[in-house]
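Below is one structure; the comments refer to it alone.
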Amino acid sequence: MNFKEVKELIELINSSQLAYFEIETDDGHIKMDKSLSRNIVSEEKDKEVVTKELPSSQGDMNNSISVNVATDGSEIKVEEKDEDLKVIKSPMVGTFYSASSPDSKAFVSEGNEVSKGDVLCIIEAMKLMNEIESDVNGVVKEILVRDGEMVEYGQPLFKVKEI
């Protein structure tokens, strides 16, 4: 595969609901895992990105192409300068749910006021539903993940302005 084909493949997989993809061709072997092997880093434009290591098109597994892809395919704003914002992070690896069931209303949405102990979301891990509670009183300024998205340990979920 040439670089253009690899780039198109990354874009296709990133826009899909697939969490894991693997392909072996005469040119080499490509594995993409969006669920467990994410390395979230911060870029100059305050954008969280995922770095994917892919083998080169020559099939040489020692050479790789490093590609940065936004975690959900779009920019995620990070407001590190606002000292009043508390970032609530995921305490575990699992699937993020904004409501207790698909038919239920979301626990919180942007602009909602929350108190310490209020349930913000559920993270499903090993078929157990874990309620994630606010550890501050404040207003939800930003929800950083989408419903049904896989989250990593320590991944930012919410930004709350403390009051």
Side-chain angles (χ1 to χ4, degrees), residues 6-21 31-54 64-163:
V6 171
K7 185 176 176 184
E8 288 173 8
L9 182 62
I10 290 169
E11 291 170 2
L12 179 65
I13 299 303
N14 191 47
S15 65
S16 76
Q17 294 294 337
L18 291 174
Y20 179 81
F21 176 81
K31 261 195 287 195
M32 287 184 254
D33 188 347
K34 296 193 311 187
S35 62
L36 298 175
S37 61
R38 295 185 201 179
N39 293 322
I40 299 177
V41 296
S42 183
E43 203 176 70
E44 293 174 348
K45 297 178 184 176
D46 291 337
K47 178 178 168 186
E48 290 184 4
V49 295
V50 176
T51 302
K52 300 285 186 190
E53 294 293 331
L54 301 174
S64 63
I65 303 166
S66 181
V67 181
N68 291 330
V69 180
T71 55
D72 67 353
S74 63
E75 283 194 26
I76 299 173
K77 298 175 186 171
V78 178
E79 300 171 12
E80 295 177 12
K81 296 177 183 173
D82 191 343
E83 295 176 5
D84 292 338
L85 288 183
K86 164 80 173 166
V87 177
I88 297 176
K89 298 178 181 180
S90 176
M92 64 191 70
V93 174
T95 305
F96 174 91
Y97 294 109
S98 60
S100 58
S101 71
D103 300 331
S104 299
K105 183 180 166 196
F107 292 110
V108 295
S109 42
E110 291 180 3
N112 286 146
E113 192 168 312
V114 294
S115 300
K116 190 172 184 175
D118 286 354
V119 176
L120 300 174
C121 66
I122 291 175
I123 296 184
E124 177 188 3
M126 296 175 39
K127 305 222 186 245
L128 294 175
M129 300 297 185
N130 302 281
E131 292 183 342
I132 307 305
E133 299 176 347
S134 176
D135 55 356
V136 296
N137 296 324
V139 176
V140 177
K141 288 297 183 183
E142 195 172 353
I143 300 173
L144 303 170
V145 292
R146 290 185 285 174
D147 197 46
E149 185 176 322
M150 288 292 298
V151 294
E152 296 292 321
Y153 171 80
Q155 178 177 343
L157 302 175
F158 299 92
K159 289 185 182 178
V160 178
K161 182 169 181 137
E162 293 186 67
I163 52 174

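Computed over heavy atoms, backbone and side chain alike; hydrogens, waters and symmetry mates excluded.
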- Message: Run the side chain to side chain contact (heavy atoms under 4.5 Å, CB included) test on Asp135 and Lys86 for me, step by step, so that the C-alpha distance in whole Å, both residues' side-chain angles and the decisive distance to 0.1 Å come before the verdict.
- Response: CA-CA 9 Å; Asp135 55 356; Lys86 164 80 173 166; 3.5 Å; yes

- Message: Which heavy atom of Ile123 sits nearest to which heavy atom of Ser90, and what is that distance?
- Response: CD1-OG, 3.2 Å

- For Asp147, check salt bridge (Lys or Arg N to Asp or Glu O under 4.0 Å) against everything at least two apart and list the hits. none

- Task: Just jot down the side-chain contact (heavy atoms from CB on, under 4.5 Å) partners of Val87, sequence neighbours excluded, or say none.
- Result: Lys89, Pro156, Lys159

- Task: Any salt bridge (charged side-chain N to carboxylate O under 4.0 Å, His left out) involving residues 105-128? Give me the pairs, sequence neighbours left out, ordered by first then second residue.
- Result: none

- Task: Please identify each residue that fulfils side-chain contact (heavy atoms from CB on, under 4.5 Å) with Glu11, with sequence neighbours left out.
- Result: Lys7

- With Leu120, which of Leu157, Ile143, Val114 fulfils side chain to side chain contact (heavy atoms under 4.5 Å, CB included)? Val114

- How many angstroms lie between OG in Ser134 and CG in Asn112, if you round to the nearest 0.5 Å? 11.5 Å

- Item | side-chain contact (heavy atoms from CB on, under 4.5 Å) partners for Ala125, two or more places apart | Met92, Asn130

- Item | Counterpart residues, side chain to side chain donor-acceptor pair (under 3.5 Å), relative to Ser104 (two or more places apart) | Ser100, Ser101

- Heavy atoms only: give me the nearest Phe158-Cys121 pair and the separation to one decimal. CE1-SG, 3.8 Å

- Might you point out which heavy atoms bring Val151 and Gln155 nearest each other, and give the distance in Å? CA-OE1, 3.3 Å

- Query: Who pairs with Asn137 by side chain to side chain donor-acceptor pair (under 3.5 Å), at least two apart in sequence or on another chain?
  - Reply: none

- Which of these passes side chain to side chain contact (heavy atoms under 4.5 Å, CB included) with Thr95: Met129, Met150, Glu149? Met150

- Closest heavy-atom contact between Ile122 and Ala99? CD1-O, 4.2 Å

